[in-house]
Amino acid sequence: MHIEKFNPSVVDKKWQEHWENKKIFQASKSKDKPKYYCLEMFPYPSGKIHMGHVRNYTLGDVIANYKRLKGFNVLHPMGWDSFGMPAENAAMQKKLHPKDWTLNNIKTMKDQLKLLGFSIDWSREISTCNDDYYKHQQKFFLDLFNKGLVYKKESLVNWDPVDNTVLANEQVIDGKGWRSGAQVIQKKLSQWFFKITAFADSLDTSLNTLHEWPEKVKIMQKNWIGKSIGCELSFEIKNQKEKITVFTTRPDTIFGASFIALAVDHPLSKDYEKNPKFIEFKDNCYKTGNTDEAIAKTEKLGFKTDYEVVHPFIKNKTLPVFFSNFVLMEYGSGAIFGCPAHDQRDLEFANKYKLEVTPVILPKDENIKNFKIKDEAYTGDGKIINSDFLDGLNVEDGKTKIIYEIENNKLGKAKTTFRLRDWGISRQRYWGCPIPILYDEKGNIIPVPENELPIKLPEDINFDKPGNPLDHHPDWKKVKCTKTGKELVRETDTLDTFVDSSWYFLRFCSSDNDQEGFAIDDAKYWMPVDQYIGGVEHAILHLLYSRFFSRAITQDTKFEIKEPFKGLFTQGMVCHKTFKNQNGEWVFPEDVIEENGKFIEKNTKDIIKVGPSESMSKSKKNVVDPQTVINLYGADSVRWFVLSDSPPERDIQWSDEGISGSYKFIQKIWTISEMIQNINDKNKLNEEEIKQCEKLINKLIKEITFNIENFHFNVAVAKFYEFINHISKMLHEDKSQKSIFQKIFKDFLILIYPFTPHLASECWEKNYKNKDIHTSKWPGFDDKLIKEDKINIVVQINGKKRALIDMEPDQDQELIFDKCLQIENVKKLLLDKNILKKIYVKNKLVNIVVK
RNA sequence: GCCCUCGUGGUGGAAUUGGUAGACACAAAGGACUUAAAAUCCUUGCCGCUUGCGGAGUGCCGGUUCGAGUCCGGCCGAGGGCACCA
């Protein structure tokens with residue numbers, strides 16, 4: 001029998017057209033089915049799709065397909081995060097208009113995504129750079145402005161001198177711009193902010209409700225928000241009216257306080273602003289290193305003032321006041337009390353300036369007489385000592401009591417502070433959403449009236465000058481007030497592109513609604529996103545902003561959304577070996593061939609140095625172009641490969657052997673499908689063999705269902721291999737029967753359809769003469785049919801495996817022990833030994849404990 | 001420095017609740033078919049002796065348990081996040 005090969009280049013196209021023509025993946029609200037919103041992080045249209053996209057969208061597609069077969073009404077949309085810097089860079093370097101460059105990339109990438117046969121509802125496609133998207137965003141901005149959640153403030157900002165723009169704290173990595181890699185400098189500018197801190201507590205505590213998020217991501221967000229519970233405490237300054245308010249999380253150590261430290265830009269620094277020594281000191285503080293790590297290791301420096309403060313609980317005790325480089329004005333109140341015995345930084349400072357070190361917490365196993373603090377502060381729990389009315393308490397009770405005393409004596413109050421800062425959203429760029437704000441001649445802020453939205457970007461734009469092109473535009477920013485006719489000026493800052501991606505999941509619910517960003521009815525039906533999938537690099541920024549934005553724009557409306565993403569999955573990266581030629585230049589993998597275990601460059605025959613496998617990146621050229629691979633092997637092989645071997649949350653190694661292995665497997669399934677159609681039924685199966693077949697498929701159904709539900713796609717893949725190996729063997733041994741095989745193969749095709757939809761559809765059509773596999777019901781399984789009628793029971797002696805016995809399940813315990821003792825090997829090992837104990841785990845193992 | 005995660009064959013990785021370690025795949029070696037190659041199929045894969053069996057074995061050391069890759073304590077190593085946060 002000759003079997004034609006499976007030809008993906010024909011089959012893929014056939015099914016993709018069929019799905020599109022029949023609008024199979026278009027979603028609409030339905031009362032009959034439960035909804036399921038499956039979303040992958042939308043791509044930035046940088047040019048071509050890369051393997052990371054392939055992996056991300058394949059993972060999502062498995063879920064979307066699976067849920068559809070499970071009877072859910074699935075929303076699985078796609079869009080484009082299409083504002084951003086690379087478009088402007090392209091404009092400057094290639095003299096292309098950012099819009100043309102972007103739209104062109106979107107077209108290319110959309111075509112490429114379609115080649116993979118994803119079950120996407122393209123009718124809901126959105127693009128953030130279209131004014132029919134960003135006009136709604138401008139409306140949200142105005143809403144937030146009216147709610148007092150947007151404000152403008154003169155502030156020190158992170159300035160990227162290469163990109164000529166402001167960066168959010170989150171976008172500064174190791175003191176460098178996240179995109180340009182340039183050393184970030186501090187600059188004072190008037191900037192727009194979202195008041196994300198207003199939601200700090202809610203963003204923190206609500207993390208506990210996200211049961212389907214990775215622990216890791218929740219911890220990262222918790223650390224970023226940095227909630228700390230403590231209190232404010234005021235110190236009277238001797239001979240002055242003013243007081244110094246400090247924030248502390250360790251009020252229980254107040255009796256160990258030996259100094260006060262202020263940030264150099266603390267309000268009290270005004271008294272010293274003309275003091276040349278202080279000016280010198282302040283300059284020194286600013287000079288110290290730029291990277292965060294350098295700052296952390298910098299020596300603690302102090303400038304002693306003439307102030308003295310009175311200790312609030314110890315009569316006649318005064319504390320010296322310093323300005324210091326390790327206290328930040330942005331956190332707490334810009335002032336601390338130093339307790340050197342129980343804080344490492346305070347201790348270093350105290351040792352340097354020869355200040356008192358009084359221990360007030362005694363560790364459990366220490367003696368009060370011998371306990372001394374030298375170079376290491378003690379930060380653990382213990383018994384409070386040297387502390388008057390707090391003596392004898394532990395740290396926690398001490399805190400409660402001292403805060404009570406502080407509040408009672410009107411010295412301060414309990415307070416919670418956060419590390420989180422407000423979100424700076426101003427960007428001095430062209431290719432972003434314009435901020436709908438006007439200024440009059442005095443600089444007063446005038447929000448653009450809603451009926452004048454959208455504020456569209458001008459099409460004619462010039463990138464020749466550095467800085468903000470919108471600002472340089474000859475007339476765009478000049479407007480006449482529609483009411484008064486006065487000359488007004490537009491805000492030329494545009495919004496951080498993270499704003500665009502903070503609500504796009506809501507837009508998908510109402511993508512064709514011209515009147516509002518989303519309709520409450522739609523959001524009520526589709527939200528929250530049931531499963532969100534994307535890279536872990538967005539664990540903080542994008543996810544935190546989205547959580548904030550959802551809260552902010554729905555606050556005080558009929559439908560408040562707190563958590564937009566019910567389930568989150570963060571996938572690993574796609575890696576590849578790196579290659580360098582003799583000149584140390586990176587070489588593309590496609591230009592490298594292997595000969596006798598050595599790698600050489602295809603054209604020059606240069607010997608290639610093989611570097612470690614790293615995440616695919618253009619700069620290291622260790623990329624494999626998805627389109628090339630799809631053309632060669634077809635969509636299903638590529639999908640299959642990125643699901644195989646590695647668990648989705650971990651990095652995956654791209655390899656040529658791997659993809660050709662996947663291709664072979666696709667062909668194997670095809671061959672089996674063809675063989676099943678041609679079974680001649682010369683030898684029918686006996687009853688035992690039929691039972692065996694039922695067991696195989698029931699087991700597979702159970703395993704695939706379990707492994708999809710738990711994101712163990714690599715294990716599901718292994719189970720498919722196991723099953724196919726079985727079936728293949730039976731077919732080759734002529735142990736087959738058409739009716740039985742077509743019955744179990746039918747279920748098999750439904751199971752594998754989410755992974756390889758083209759192959760499954762084609763096999764289905766040939767075997768069962770219809771195109772409707774996608775409307776099938778996910779098969780159920782019967783545990784009774786899976787149960788083995790002969791099982792292996794492990795026989796252990798002192799916990800070591802010594803033999804196996806074949807038994808029917810659920811046998812009497814004594815019978816099994818008897819059988820064990822008859823085994824030659826066991827007999828031998830039990831000779832001259834006393835049996836102390838016999839353990840039986842039902843249908844699994846026997847352990848005989850002897851001495 | 002603090003927080004988190006992970007260490008299993010030559011490689012990627014399996015092992016629901018502690019219960020047969022190495023499923024499945026890749027690579028390698030040997031073999032079958034073939035004039036040959038490709039494709040396909042089979043076998044092997046730590047140490048010791050004769051099929052069989054015995055021994056070691058999931059980064060290292062110790063503990064709990066009849067039994068530990070899995071639980072606990074302490075090290076070592078890799079990766080990630082945060083970084084003067086009071």
Side-chain angles (χ1 to χ4, degrees), chain A residues 5 174 214-224 226-228 230 246-251 253 261 263 288 291-300 324-328 330-339 343-346 348-349 379 417-421 536-537 539-540 641 644-647 649-653 655-658 660-662 664-665 667-668 671 706-707 710 712 714-725 728-729 732 792-804 824-825 828-829 836-842 844-850:
Chain A
K5 270 199 156 187
D174 292 333
E215 251 352 272
K216 182 173 72 170
V217 174
K218 288 194 274 185
I219 289 165
M220 280 162 71
Q221 293 221 352
K222 247 191 159 50
N223 291 342
W224 191 263
K227 180 176 181 173
S228 47
V246 305
F247 173 74
T248 179
T249 57
R250 292 298 302 275
T253 63
T288 48
T291 69
D292 293 330
E293 200 189 348
I295 292 166
K297 284 177 185 158
T298 305
E299 194 184 11
K300 314 280 173 281
S324 174
N325 63 342
F326 73 98
V327 179
L328 306 171
E330 304 89 77
Y331 187 79
S333 56
I336 61 155
F337 76 74
C339 175
D343 183 287
Q344 192 58 35
R345 290 156 304 170
D346 297 350
E348 283 168 31
F349 190 83
T379 55
T417 59
F418 297 89
R419 208 189 75 106
L420 186 70
R421 308 286 153 74
V536 72
E537 66 273 18
I540 301 172
F641 175 80
S644 308
D645 286 344
S646 287
E649 68 275 13
R650 260 191 252 176
D651 289 353
I652 186 171
Q653 303 295 324
S655 74
D656 294 339
E657 294 83 8
S660 77
S662 297
K664 278 180 203 164
F665 185 64
Q667 292 297 343
K668 190 168 182 173
T671 308
F706 175 84
N707 285 308
N710 290 285
H712 298 161
N714 58 320
V715 185
V717 164
K719 300 297 177 190
F720 279 123
Y721 273 110
E722 224 165 330
F723 176 84
I724 282 296
N725 288 347
S728 166
K729 202 166 185 177
H732 282 106
N792 277 331
I793 291 178
V794 182
V795 183
Q796 295 183 337
I797 295 170
N798 287 345
K800 280 204 169 130
K801 185 174 90 176
R802 294 299 176 184
L804 286 174
E824 278 305 316
N825 198 27
K828 207 169 74 193
L829 287 157
L836 300 177
K837 205 173 177 184
K838 286 187 266 184
I839 287 152
Y840 174 59
V841 182
K842 199 179 164 191
K844 275 212 162 139
L845 87 143
V846 169
N847 190 8
I848 303 169
V849 186
V850 298

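Chain identifiers are assigned alphabetically (A, B, ...) following the order of the sequence lines, protein sequences preceding nucleic acid strands; residue numbering begins at 1 within each chain. These numbers were taken from a predicted model, which means no experiment stands behind them.
- Checking the phosphate oxygens (OP1, OP2) of rA25(B), a side-chain nitrogen or oxygen of Asn725(A) falls inside 4.0 Å.
- Relative ring orientation between Phe326(A) and Phe349(A) is described as tilted, the plane-to-plane angle lying within the 30° to 60° band.
- Between the C1' atom of rG13(B) and the NZ atom of Lys719(A) lies a distance of 13 Å, rounded to the nearest Å.
- Counting to the nearest Å, the C1' atom of rC66(B) and the CD1 atom of Ile797(A) are 13 Å from each other.
- With hydrogens and angles ignored, a donor-acceptor pair closer than 3.5 Å exists between the side chain of Lys300(A) and the base of rC84(B).
- Each of Arg650(A) and Asn710(A) was matched to the nucleotide of RNA chain B holding its nearest heavy atom; the match closer to the 5' end belongs to Arg650(A).
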Reading nucleotides 40-57 of chain B from the 5' end, what letters show protein touch, with B for base, S for backbone sugar-phosphate only, - for no heavy atom under 4.0 Å? SS-----------SSSS-
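- Within the 4.0 Å cut-off from OP1 or OP2 of rC66(B), at least one side-chain nitrogen or oxygen of Lys837(A) is found.
- For rG9(B), the base adopts the syn conformation, since its glycosidic angle falls within 90 degrees of zero.
- Computed from coordinates, the Ile219(A) CD1 to rC2(B) P distance equals 17 Å when rounded to whole Å.
- OP1 and OP2 of rG67(B) both lie 4.0 Å or more from every side-chain N or O belonging to Asn798(A).
- If you find the closest nucleotide of RNA chain B to Phe326(A) and to Val717(A), the one lying nearer the 5' end belongs to Val717(A).
- Side-chain atoms of Asn847(A) come within donor-acceptor range of the base of rC66(B), with a qualifying N/O pair under 3.5 Å.
- OP1 or OP2 of rA86(B) sits under 4.0 Å from a side-chain N or O of Tyr331(A).
- Under the 3.5 Å distance criterion, the side-chain polar atoms of Ser324(A) are left unmatched by any main-chain donor or acceptor of Val327(A).
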